[in-house]
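Worksheet for the structure shown next.
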Amino acid sequence: MNGLELRGVTVSRGSGPVIRDVSLNVRPGTITALVGPNGAGKTSLLEAVSGVLAPSGGRVELDGRPLTGLSRVRRARLGLAHIEQGRAVFGSLTVAENLALTAREPGRARAALELFPELERRRDTACGLLSGGEQQMVVLARAFAGQPRYLLIDELSLGLAPVVFLRLLPMIQRISATGVGVLLVEQFTHLALGVADTALVVSSGRVTYQGGAAALTESPEILHRAYLGG
């Protein structure tokens, strides 16, 4: 089965596991929301997928290819992009120059600007002069310029007001619509569920819900129970 697939993944830090036995499949062109309370292990799970951490159990596959033992750089070359927390832009470089850094072929930076028209008028502006929301747009566009097959996004809204984050959600949808599979970790749970196809809730290191995202938005009691771990 094609997709970014996790099979029984367990991740440990320090004295023991922070997330246990997680299995999921992110299909091309879909968005999966990974939500849960703070400290539930969401960031650790993304880090195990991208190669920042080595899982203590289970396996990760990219379109049927095992990633065990592959470095983070090698995984990125295979099409796995990871947007970590924080706005990691090069402030002294313009928007266009930031995109050119990751563009894997001629014209890809231009394609990224076409996908994110809000950045077009700022293409010659140094990123250090942009607002926080605009900098996160650059982060998304730069990831797209690298031609990922699957994109891991960790708390893109960090430090942003919900109304600002709302401007970023259509951009995530545009990326997914090009065929990219997206695994989205987000603190604004209902906003993330609103754009997701499927959802995974983790609480106290284990999966408490897995299924359609719409079911959680339509039935808040299900989401509440999942957050409580039951």
Is it possible for you to say whether [X] and [Y] belong to one hydrophobic cluster, with membership spreading through side-chain heavy-atom contacts below 4.5 Å?
X: L119; Y: V180; value: yes
X: V201; Y: V22; value: no
X: L184; Y: V26; value: no
X: L80; Y: V11; value: yes
X: V207; Y: V185; value: yes

Please report the shortest heavy-atom distance between [X] and [Y], naming the atom on each side.
X: R59; Y: V9; value: O-CG2, 3.5 Å
X: A214; Y: T217; value: O-OG1, 2.8 Å
X: V35; Y: E186; value: CG1-O, 4.0 Å
X: L113; Y: R123; value: CD1-NH1, 3.0 Å
X: G36; Y: K42; value: O-NZ, 3.1 Å
X: R108; Y: A103; value: CB-CB, 4.0 Å

Given 3.5 Å as the limit, does a donor-acceptor pair link the side chain of [X] with the main chain of [Y], or not?
X: R75; Y: V49; answer: yes
X: D21; Y: R206; answer: no
X: Q135; Y: C127; answer: yes
X: D63; Y: G3; answer: yes
X: D197; Y: I31; answer: yes
X: Q210; Y: S23; answer: yes
X: T30; Y: G181; answer: no

| task | Describe, in one word, how the ring planes of F188 and F165 are oriented to each other, choosing from parallel (under 30°), tilted (30 to 60°) and perpendicular (over 60°). | result | tilted
Point-to-point distance, once rounded to the nearest 0.5 Å, from [atom1] of [X] to [atom2] of [Y]:
X: L34; Y: L152; atom1: CG; atom2: CG; value: 10.0 Å
X: T94; Y: R122; atom1: OG1; atom2: CZ; value: 11.5 Å
X: R77; Y: L70; atom1: CZ; atom2: CG; value: 11.5 Å
X: R149; Y: L62; atom1: CZ; atom2: CG; value: 4.5 Å
X: L191; Y: L168; atom1: CG; atom2: CG; value: 10.5 Å
X: T125; Y: N98; atom1: OG1; atom2: CG; value: 11.5 Å

Can you find a heavy atom in the side chain of [X] that is under 4.5 Å from one in the side chain of [Y]?
X: L223; Y: H190; result: yes
X: Q136; Y: M171; result: no
X: L53; Y: R13; result: yes
X: L45; Y: L183; result: no
X: T198; Y: L24; result: no
X: L156; Y: I172; result: yes

Could you go through I153 and L140, starting from their C-alpha distance and side-chain angles, then the distance that decides it, and tell me whether this counts as side-chain contact (heavy atoms from CB on, under 4.5 Å)? CA-CA 9 Å; I153 304 176; L140 278 172; 4.0 Å; yes
Would you please test F116 and I175 for side-chain contact (heavy atoms from CB on, under 4.5 Å) and show each step? CA-CA 10 Å; F116 304 105; I175 290 175; 3.7 Å; yes
| Do other residues, nucleotides or ligands put more than 12 heavy atoms under 6.0 Å from the CG atom of N38? |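 Check fails, neighbour count at 12 or below.
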If the threshold is 4.0 Å, N to carboxylate O, is there a salt bridge linking E120 and R110?
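Result for this pair is yes, salt bridge flagged.
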Quiz item: Between E118 and R174, is there a side-chain N and carboxylate O pair less than 4.0 Å apart?
Solution: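 Judged by the 4.0 Å cut-off on N to carboxylate O distance, E118 and R174 do not form a salt bridge.
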Decide yes or no on side-chain contact (heavy atoms from CB on, under 4.5 Å) for L216 and T189, but give the supporting numbers first.
-> CA-CA 10 Å; L216 294 181; T189 301; over 6 Å; no
The test is side-chain contact (heavy atoms from CB on, under 4.5 Å); show your working for L4 and T32 and say whether it passes. CA-CA 11 Å; L4 174 61; T32 297; over 6 Å; no
- Message: Under a 3.5 Å cutoff, is there a donor and acceptor pairing between the side chains of T10 and S56?
- Response: no
